[in-house]
Amino acid sequence: MRSDLQKYIDKIPAVADAAQLRETFWMNSRQRAGGQNEIKEVNPEQVKDASQRLLRFAPYLKEVFPELEKTNGIIESELRAIPSMKAWLEQAYETKIQGKLMLKMDSDLPVSGSVKARGGIYEVLKHAEDLALESGMLKISDNYRILAEPRFQEFFGHHKIQVGSTGNLGMSIGIMSAKLGFQVIVHMSADAKQWKKDLLRSRGVEVIEYADDYCAAVEQGRKNSDQDPMSYFVDDENSQALFMGYSVAGERLKAQLEEQQILVDEDHPLFLYLPCGIGGAPGGIAYGVKQIFGDHVHCFFTEPTHACCMLLGMATGLHDGVSVKDFGIDGRTDADGLAVGRPSAFVGRVVEPILSGIATIQDEKLYDLMRGLLQEENIFIEPSSCAAFAALIRGEEMRAYIDSKGLTEKMSQATHIAWATGGSMVPEEMKKIYRETGL
Ligand SMILES: *Cc1c(COP(=O)(O)O)cnc(C)c1O
């Protein structure tokens, strides 16, 4: 362990737990009422801009992805109540969950089957738009359906997109870039599952494998890309574009809640549970929902005990200045979508005034939760996604948080949303292995 970090272990109980690989719950004491209005790094205009860009691309997406026919080119997932899962959780973890429990099924997002279909696809579209506008081939007032024409494929074919990934980001960037006609290289870390590499290769994506962890794959990808003037690097460690793509989830969620007549206000608090890897997805979503629901929404991140980089970064305030390895943690987890050792350089700072807390969970429990959800609701989500239940099953800490916000009396009217971040693209034989894993 890095010797200068001992003082954080001595001072902050959640950091001490994390370093010992114990499940823990960190409450963010820097969260403030109205904190969303203090954020300087990004602004609500950017969310609007991202939302409008996705609308411009909708006719194109509808044209090239048949599964988007029924949503008119909008990539969105279902929000579903999971009452049986709630009862199962209460029994299995001897806890009481007050209010309604729902699942946000990004596990079934069209095109790439994970939350990365928000940020990853958005960033590729933005880059494609920038190039096409710059070349004069596209005007912002055009119907973007024309992007499906061969002349655009030919044009994008001169350009390259590269990304480092543990799997799902590579899938969304790879699928979208290849569809537009770009050359794509995905740099994959050792944690990435074989089937994801195979699937990408089958779509014409070049996959380069690394024996090392995620940060090494990203570093090599960035280096490769920087040497090539025609190459664009999707930088998960710093990307604002990814973040803004995720943030659009806020307005989409609002519409879905309204449609299902679920209130969110002073008397009806909303709790969101977001699995966190490098932080872009949960950070962007949290930012987006905070812009809409303000202090009535409470956002928690969840991480595997072996890859709790955001907890360590935020609790120490060192952010990307610290990695799990610096604390002697190996970073190895079956939750491949969350297998990140060092948090984003900017997300932790952005969410500091708005994040409620971070809970960690052991890999073994992820499989139990996965089977529980399958059994109770007949919904399959991948193990990484199951981290979404980590905070919910920590009754005592959640009660303390709820109490500290004066919400105890209102909890029967609360809504909890576990954000299922991936699953539908997992092949049948992998699902079977997951179901039978007796960790
Ligand atoms: C990427 C991913 C996350 C978290 O996103 P980050 O931007 O890395 O924090 C959560 N779940 C799954 C399944 C993912 O693939």
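Remember, it's 1-based here, ligands and their atoms both numbered in the order they're listed.
Taking the six-membered ring where the residue is Trp, Y60 and F57 present perpendicular rings, their angle passing 60° and hence far from 30°. Classified by interplanar angle (parallel below 30°, tilted 30° to 60°, perpendicular above 60°), the ring pair F300/Y401 is perpendicular.
With a 4.5 Å cut-off on side-chain heavy atoms, I208 and M188 do not count as touching.
With sequence neighbours excluded, no residue forms a side-chain hydrogen bond (donor to acceptor under 3.5 Å, both in side chains) with N378. For H127, the ring-ring contact (aromatic ring centres under 6.0 Å, His included) partners are F182, Y232, not counting sequence neighbours. A search for salt bridge (Lys or Arg N to Asp or Glu O under 4.0 Å) contacts involving D130 returns K126, not counting sequence neighbours.
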Enumerate, one pair per line, all nitrogen or oxygen atoms of ligand 1 lying under 3.5 Å from a protein nitrogen or oxygen, stating the separation to 0.1 Å; write 'none' if no such pair exists.
{"residue": "ligand 1", "atom": "7 (O)", "partner": "G280", "partner atom": "N", "Å": "3.2"}
{"residue": "ligand 1", "atom": "7 (O)", "partner": "A281", "partner atom": "N", "Å": "2.8"}
{"residue": "ligand 1", "atom": "8 (O)", "partner": "I278", "partner atom": "N", "Å": "2.9"}
{"residue": "ligand 1", "atom": "9 (O)", "partner": "G277", "partner atom": "N", "Å": "2.7"}
{"residue": "ligand 1", "atom": "9 (O)", "partner": "I278", "partner atom": "N", "Å": "3.1"}
{"residue": "ligand 1", "atom": "9 (O)", "partner": "G279", "partner atom": "N", "Å": "2.7"}
{"residue": "ligand 1", "atom": "11 (N)", "partner": "T421", "partner atom": "OG1", "Å": "2.7"}
{"residue": "ligand 1", "atom": "15 (O)", "partner": "K116", "partner atom": "NZ", "Å": "2.7"}
{"residue": "ligand 1", "atom": "15 (O)", "partner": "N168", "partner atom": "ND2", "Å": "2.7"}

